[in-house]
**Q** 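Provided herewith is a single structure, encoded as structure tokens, for subsequent inquiry.
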Amino acid sequence: MNKSDVINLILKDRKNTPKTHSTAKFAPSNIALIKYWGKRDNILNLPMTDSLSLSLGNKGATTSIEIIDKENDEFYLNNEIQNADSPFSLRLSAYLDLFRFKEEHYRVRTQLNIPLAAGLASSACGFAALVLALNDLYAWELSLSELSILARLGSGSACRSLYKGFAWWQKGIHANGMDSYAIPLETEWPELRIGLLIVDGSKKLIDSRSAMERTVKTSQLYAMWAHQVAHDFIVLNEAILDKDFVRLGEVSEHNALSMHATMISAWPPIVYSNADTVNAMHAIWELRKQGLELYFTQDAGPNLKLLFLEKDSAVVKEHFPGVEIID
Ligand code: 2P0
């Protein structure tokens, strides 16, 4: 089963009615509280475990797509045209190859209001916004579950970026991945805050795709990861239902650190944290000792995402002046 087979299953006979232009579509970035780390299928981006994320409000990607009468695609990122052989263009072009029903070429404009490739899930919101734009361009009128599958084929975590609030990516068990997509959780938690603590905005040293593969292949600790996720998933769901912030914070931080432990025990080791990351962790733990309900999560990069409640926003800002709090 390859990506084209999955797309044929979803689109069936829907393909050939492009509009002349597409409106811009927005998709939010998402931060996993229970992480996706490791695939059971590297081609279809099928995960080993479920994961659960929170969206980042109005931080994310806005993407438009149109068909152009040219020999090649044109990609713009934050208003700058991208070289055809840049990793960004090559990845998008390969994805769009899956949809070129009449050899058409596209102009895609992506506008991000988050730092690119700094562990802030820019590929997730990018692919989610692109899928929404394609759905509009071709007037497919697909369901959110179907769009979530299409987004997953671009980047795994993109399947969670179609929703506001909490999203649960169900790993699924089928080889074709038709049961592996994200759904929104009904619970809203308006007082919950995420703060972006950028300790290093540069590009990451190893992309998460390769890092996941290496972890699955070489880390002895990886065998425990699925058990940890299963446990954390139950705890997090209870915490969300009960609006128990301390439980949410504890299980999210523990899950993130456990994911990083599997990576550190890969070979060669994968260490995304730098000295500033670790210093920030110690500062958070010290503030917790003093009674502040402050936790963090960390993705495939050195930056931390602080987790706290709205009532503590001012004090968090006081201790971390550079933090960007998402409302
Ligand atoms: C997550 N990450 O759940 C985890 C936690 C990073 C750490 O999903 O290969 O860009 O495109 O499926 O989704 C980043 O990996 O990887 C990611 P692909 P993706 O958010």
Side-chain angles (χ1 to χ4, degrees), residues 3 6 27-56 60-61 87-88 90-92 94-95 112 114 116-128 130-131 148-163 166-172 177 180-182 194 196 203-216 219 222 225-226 228-229 232-233 236 251-264 266 270-273 277 296-305:
K3 289 183 183 181
V6 175
S29 190
N30 76 78
I31 300 298
L33 302 180
I34 304 286
K35 307 295 187 188
Y36 149 53
W37 199 254
K39 306 181 195 200
R40 66 182 166 92
D41 184 317
N42 286 319
I43 292 170
L44 301 181
N45 293 333
L46 296 176
M48 292 281 201
T49 65
D50 288 12
S51 57
L52 204 160
S53 63
L54 185 58
S55 74
L56 282 192
F88 180 86
L90 292 173
R91 191 166 176 196
L92 279 187
Y95 184 72
L112 288 171
I114 48 169
L116 186 64
L120 290 172
S122 46
S123 68
C125 56
F127 276 106
L130 177 60
V131 163
S148 178
I149 293 175
L150 293 186
R152 166 171 54 74
L153 298 178
S155 179
S157 52
C159 77
R160 301 184 310 235
S161 264
L162 291 165
Y163 309 104
F166 295 108
W168 168 21
W169 177 7
Q170 312 175 103
K171 70 183 172 80
S180 182
Y181 52 82
I194 290 184
L196 304 180
K203 212 171 168 333
K204 47 186 151 179
L205 296 175
I206 170 170
D207 64 280
S208 35
R209 181 164 299 224
S210 319
M212 279 187 209
E213 247 185 282
R214 192 190 298 171
T215 309
V216 173
S219 166
Y222 191 74
W225 174 243
Q228 167 116 27
V229 169
D232 291 350
F233 193 80
L236 181 61
V251 73
S252 302
E253 187 174 305
H254 192 191
N255 187 269
L257 288 171
S258 302
M259 174 185 75
H260 283 276
T262 68
M263 291 187 224
I264 294 169
I270 301 159
V271 182
Y272 282 115
S273 296
T277 316
F296 67 85
T297 184
Q298 180 188 3
D299 293 299
N303 304 311
L304 296 183
K305 287 90 184 189

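For ligands, and for the atoms within them, numbers begin at 1 and follow the listed sequence. For reference, positions follow the sequence shown, starting with 1.
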**Q** For ligand 1, which atoms, with element, lie under 4.0 Å from some heavy atom of D299?
**A**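 Counting from 1, the qualifying ligand atoms are 5 (C), 7 (C).
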**Q** L44 and K3: which non-hydrogen atoms are nearest, and at how many Å?
**A**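 Answer, listing the atom of L44 first, then K3: CD2-N, 3.8 Å.
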**Q** Tell me, do L56 and I31 make a side-chain contact under 4.5 Å, heavy atoms counted?
**A**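 Yes, close enough: below the 4.5 Å cut-off.
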**Q** Going by the atom numbers of ligand 1, which of them fall below 4.0 Å from some non-hydrogen atom of R91?
**A**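 Here the atoms of ligand 1 in question are 11 (O).
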**Q** For ligand 1, which atoms, with element, lie under 4.0 Å from some heavy atom of A32?
**A**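 Going through ligand 1 atom by atom, the ones under 4.0 Å from A32 are 1 (C), 3 (O), 20 (O).
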**Q** For M263, does its backbone N or O pair with a side-chain atom of Y272 as donor and acceptor, under 3.5 Å?
**A**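 Not confirmed, Y272 side chain does not pair with M263 backbone.
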**Q** At less than 4.0 angstrom from any non-hydrogen atom of S157, what atoms of ligand 1 do you find?
**A**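 So the atoms of ligand 1 that pass are 8 (O), 10 (O), 13 (O), 19 (P).
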**Q** Checking side-chain hydrogen bond (donor to acceptor under 3.5 Å, both in side chains) between N45 and each of R152, R40, K39, which is the one that passes?
**A**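 For N45, the side-chain hydrogen bond (donor to acceptor under 3.5 Å, both in side chains) test succeeds with only one of R152, R40, K39, which is K39.
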**Q** Show me which atoms of ligand 1 lie under 4.0 Å from any heavy atom of G156.
**A**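 Atoms satisfying the 4.0 Å criterion: 11 (O), 12 (O), 13 (O), 18 (P).
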**Q** Would W37 count as being in polar contact with ligand 1, using the rule that some N or O on each side must be under 3.5 angstrom apart?
**A**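 Among all N and O atoms of W37, none is under 3.5 Å from an N or O of ligand 1.
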**Q** Mind telling me whether F233 and W168 have parallel, tilted or perpendicular rings, with 30° and 60° as the class edges?
**A**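 W168 and F233: tilted rings.
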**Q** Heavy-atom contacts under 4.0 Å between E213 and ligand 1: side chain, backbone, both, or neither?
**A**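 E213 to ligand 1: no contact under 4.0 Å from either part.
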**Q** Quick check on the 6.0 Å ring-centre criterion: do Y36 and W169 meet it?
**A**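 Yes - the distance between ring centres of Y36 and W169 falls below the 6.0 Å cut-off.
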**Q** Using a strict 4.0 Å cut-off to heavy atoms of M259, name the atoms of ligand 1 that fall inside it.
**A**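 The list of qualifying atoms is 5 (C), 7 (C).
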**Q** Using a plain distance cutoff, I'd like to know if N30 has any nitrogen or oxygen under 3.5 Å from a nitrogen or oxygen of ligand 1.
**A**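 It does not: no N or O of N30 is found under 3.5 Å from an N or O of ligand 1.
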**Q** Near S123, which atoms of ligand 1 are under 4.0 Å from a heavy atom of that residue?
**A**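 So the answer, numbered in order with elements, is 10 (O).
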**Q** Of all the heavy atoms in S51, does at least one lie under 4.0 Å from an atom in ligand 1?
**A**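 S51: no contact with ligand 1 (<4.0 Å).
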**Q** Could you tell me whether the side chain of F166 reaches within less than 4.5 Å of the side chain of L52, counting heavy atoms only?
**A**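 Yes - at least one pair of side-chain heavy atoms lies under 4.5 Å apart.
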**Q** So, regarding G154 and ligand 1 (criterion: nitrogen or oxygen to nitrogen or oxygen, under 3.5 Å), is there a contact or not?
**A**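 No: no nitrogen or oxygen of G154 is under 3.5 Å from one in ligand 1.
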**Q** Side chains of T277 and P302: does their closest heavy-atom pair fall under 4.5 Å?
**A**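 Yes, at least one pair of side-chain atoms sits under 4.5 Å.
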**Q** Give the minimum heavy-atom separation between Y163 and A182, together with the two atoms involved.
**A**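 Residues Y163 and A182, closest heavy atoms: OH-O, 2.8 Å.
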**Q** Could you list which atoms of ligand 1 come closer than 4.0 Å to a heavy atom of K39?
**A**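 Near K39, the atoms of ligand 1 are 9 (O), 12 (O), 18 (P).
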